[in-house]
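First comes the structure, then the notes that go with it.
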Amino acid sequence: MARIHAAAMRGTRPWSAGEFERLLGMPGVFAVGDGHGFALGRVILDEAELLTLAVDPGRRRRGLGRAALGQFHDIARSGRAERAFLEVDAENDAARALYLLEGYAETGRRRGYYTRAGAPPSDAVIMARAL
């Protein structure tokens, strides 16, 4: 997961293998996907949070991200979550388009949340949908 995340998250700090290991050891955290893309999420009570979704850049536009997101929704529902939410960089047009296509709507923003070397900070768009 760390390899895919590093390739997918150009310009932002990718998560390390140790960070993924610690997250996966927490209650309610789960991962879905394959060797080319994945979604990492967690269910707490009746809410699911998409922590990250990453697809190897060489495998994009083949439905892998959408498939991983669908698996995330399925597992979240099986964990009795009724609502899913996520945060996405306002500059990530492809991810925002995917989330809108999958029924997410913008519910808020965190101004200047994401920082990238050599670029001004960008907002985190908070999105949610019913499951």
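The model shown is predicted, which means the values in this text are computed figures rather than measured ones. Computed from heavy atoms alone, side chains included, the values below leave out hydrogens, waters and symmetry copies.
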- request: Would you please name every residue forming a side chain to side chain contact (heavy atoms under 4.5 Å, CB included) with A124, sequence neighbours left out?
  value: E87, R110, Y113, Y114
query: Counting N and O atoms only, with roles assigned by atom type, does the side chain of H5 sit under 3.5 Å from a partner on the main chain of W15, one being a donor and the other an acceptor?
result: yes
Could you check whether any side-chain heavy atom of [X] comes within less than 4.5 Å of a side-chain heavy atom of [Y], counting everything from C-beta outward?
X: M127; Y: T107; value: no
X: L98; Y: R66; value: yes
X: L24; Y: L40; value: yes
X: F20; Y: V29; value: no

query: Shared ILVMFWY cluster between F72 and V43, side chains joined below 4.5 angstrom?
result: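 Yes: a chain of side-chain contacts under 4.5 Å links F72 to V43.
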query: Does L53 share a hydrophobic cluster with I75, counting links as ILVMFWY side-chain heavy atoms below 4.5 Å and allowing steps through other members?
result: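 As far as the 4.5 Å side-chain criterion goes, I75 and L53 are connected within one cluster.
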task: Please confirm whether F30 and F38 have ring centers closer than 6.0 angstrom.
output: no
- prompt: Taking the six-membered ring for Trp, are Y99 and H73 ring centroids under 6.0 Å apart?
  reply: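 So the answer is no for these two rings.
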Please name the pair of heavy atoms, one in [X] and one in [Y], separated by the smallest distance, quoted to 0.1 Å.
X: A2; Y: A17; value: CB-N, 3.5 Å
X: V32; Y: A68; value: CG2-O, 3.5 Å
X: E91; Y: S122; value: CG-CB, 3.6 Å
X: A7; Y: P57; value: O-CG, 3.3 Å

Rounded to the nearest 0.5 Å, how far does [atom2] of [Y] lie from [atom1] of [X]?
X: I4; Y: L64; atom1: CD1; atom2: CG; answer: 9.5 Å
X: Y104; Y: L86; atom1: OH; atom2: CG; answer: 5.0 Å
X: E49; Y: I44; atom1: CD; atom2: CD1; answer: 7.0 Å

So which pairs with a foot in [range] pass salt bridge (Lys or Arg N to Asp or Glu O under 4.0 Å), sequence neighbours left out?
range: residues 11-28; result: R13-E19
range: residues 68-83; result: D74-R77
range: residues 117-131; result: R109-D123, R111-D123

query: Which residues satisfy the side chain to side chain donor-acceptor pair (under 3.5 Å) test with R61, sequence neighbours excluded?
result: none
- prompt: Taking everything shown except L45 itself, do over 12 heavy atoms lie less than 6.0 Å from its CG?
  reply: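 Open: at most 12 neighbouring heavy atoms sit under 6.0 Å from CG of L45.
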task: Quick one: list whatever passes salt bridge (charged side-chain N to carboxylate O under 4.0 Å, His left out) with R60, sequence neighbours left out.
output: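 With sequence neighbours excluded, R60 shows a salt bridge (charged side-chain N to carboxylate O under 4.0 Å, His left out) to no residue whatsoever.
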query: Would you call D56 and R3 a salt bridge, taking side-chain N to carboxylate O under 4.0 Å as the test?
result: yes
